[in-house]
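To keep things clear, I will list the structure first and then write my remarks on it.
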Number of protein chains: 2
Amino acid sequence: MRAARLDHTDWRILQVLQEDGRITNIELARKVGITAPPCLRRVRALEEAGIIERYMAVLDGRKLGFDVTAFAMVKLHSQAEADLIAFEERALQSPIVQECSMLSGEIDFLLRCVAPDLTRFQSFIIHDLTAAPNVESVKTSLVIRTAKEAAGLPLALAAEDA
Amino acid sequence: MRAARLDHTDWRILQVLQEDGRITNIELARKVGITAPPCLRRVRALEEAGIIERYMAVLDGRKLGFDVTAFAMVKLHSQAEADLIAFEERALQSPIVQECSMLSGEIDFLLRCVAPDLTRFQSFIIHDLTAAPNVESVKTSLVIRTAKEAAGLPLALAAEDA
DNA sequence: GATGAAACACTGACGCT
DNA sequence: AGCGTCAGTGTTTCATC
């Protein structure tokens with residue numbers, strides 16, 4: 001589903017809400033140059049359309065004891081659709097998997113993983129990934145540091161027509 | 001910096017706010033079983049401590065015209081700290097780079113990229129990445145589908161002591 | 001898109017346990 | 001230390017133009 005055409009105000013609303021999801025509607029309205037009621041109507045419409053999927057608090061994993069972030073690159077033996085889906089569903093079972101992307105090319109899946117310690121991560125890799133059916137190989141890389149973490153979409157790149 | 005010890009209520013607050021960053025304080029308080037004022041005090045403390053980094057709206061990239069998501073795996077010639085930092089800073093210049101992680105192992109950097117189309121993505125890879133100093137190789141993989149996108153931390157894994 | 005009004009939420013001060 | 005009650009202020013949200 002593609003959205004109805006967005007105007008400049010909508011883009012600015014999205015930009016601001018992506019930066020600060022808890023901004024009050026009044027301040028948001030002020031920032032985009034309209035008054036509160038139409039601003040709220042626009043936000044609701046963007047939510048309805050699924051353009052705004054949800055709002056979330058971004059937490060600091062390190063401060064909460066998630067000392068390990070890692071990527072797992074998975075190759076499967078079979079790339080038949082049913083087999084891809086089967087693997088995906090299995091990967092999603094684990095709370096350790098934060099993000100699961102199906103890729104084109106040599107690697108079939110890239111998993112972003114978070115764990116409290118290496119032991120838990122390793123046991124996930126061995127018992128849940130390597131041991132899963134159809135898995136040919138799993139290569140893991142620990143994240144040493146993350147410079148920019150899921151910062152949000154670069155809306156300026158797509159808002160040129162508004 | 002490590003945070004002060006969190007109790008069960010704090011963990012539930014984090015869990016709820018990660019799910020719904022725009023929940024009203026009153027409803028949040030109700031969900032975690034206390035009244036609004038102490039609940040708000042806890043939230044503010046969690047923000048102060050940097051445990052809650054920020055709040056954001058999660059947007060649907062596809063509906064906004066970001067048809068391409070891809071990962072770029074970069075190897076450098078030199079892994080000296082200054083060279084790693086130099087590359088990182090350069091990568092962060094581009095709005096296309098959504099996430100930039102320094103890795104251990106063969107691959108030095110993994111970049112999560114978003115672009116409106118393949119042309120823009122390709123031009124980024126060629127002009128900004130491959131042409132950058134110290135870059136040995138860049139391998140890219142397009143994301144065919146994302147099953148679970150940066151869903152947030154699996155707080156249950158770390159909250160066992162509270 | 002703006003105005004005004006009513007319902008609701010936020011957030012301070014204070015007392016309690 | 002931390003929770004709860006109360007009350008003033010600001011915000012959300014609806015009807016209306």
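Residue numbers begin at 1 in each chain, while the letters A, B, ... track the order of the sequences.
Summarising the geometry, atom CD belonging to A:Q18 is positioned 7.5 Å from atom CZ belonging to B:R54; distances are rounded to the nearest 0.5 Å. Within the model, atoms NZ of A:K63 and CG of B:L46 stand 11.0 Å from one another, a figure rounded to the nearest 0.5 Å.
Between A:F109 and A:F87, the ring centre distance stays below 6.0 Å.
Look at D:dA1: it lacks any Watson-Crick or wobble partner with both distances under 3.5 angstrom. Pairing partner, D:dT11: C:dA7, with both Watson-Crick or wobble hydrogen-bond distances short of 3.5 Å.
If you take CZ of B:R42 and P of D:dG2, they are 8 Å apart, rounded to a whole angstrom.
Counting non-hydrogen atoms of neighbouring residues, nucleotides and ligands closer than 6.0 angstrom, the CD atom of A:E136 exceeds 12 such neighbours. For CD of A:Q122, the number of neighbouring non-hydrogen atoms (other residues, nucleotides, ligands) closer than 6.0 Å is 12 at most. A 6.0 Å sphere centred on CD of A:E106 holds no more than 12 heavy atoms belonging to other residues, nucleotides or ligands.
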Atom pairs, N/O to N/O, protein against nucleotides 12-14 of chain D, distance under 3.5 Å?
{"unit_1": "D:dT12", "atom_1": "OP1", "unit_2": "A:N25", "atom_2": "N", "d": "3.0"}
{"unit_1": "D:dT12", "atom_1": "OP2", "unit_2": "A:N25", "atom_2": "N", "d": "2.9"}
{"unit_1": "D:dT12", "atom_1": "OP2", "unit_2": "A:I26", "atom_2": "N", "d": "3.0"}
{"unit_1": "D:dT13", "atom_1": "OP2", "unit_2": "A:R44", "atom_2": "NH2", "d": "2.6"}

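Read 5' to 3', the first and last nucleotides of DNA chain C with an atom closer than 4.0 Å to a heavy atom of chain A are C:dG1 to C:dG4.
With A:V43 as reference, A:L28 is the one residue of A:D10, A:L28, A:L14 to meet the side-chain contact (heavy atoms from CB on, under 4.5 Å) rule.
Counting heavy atoms from C-beta outward, A:T140 and A:L142 have side chains that stay 4.5 Å or more apart.
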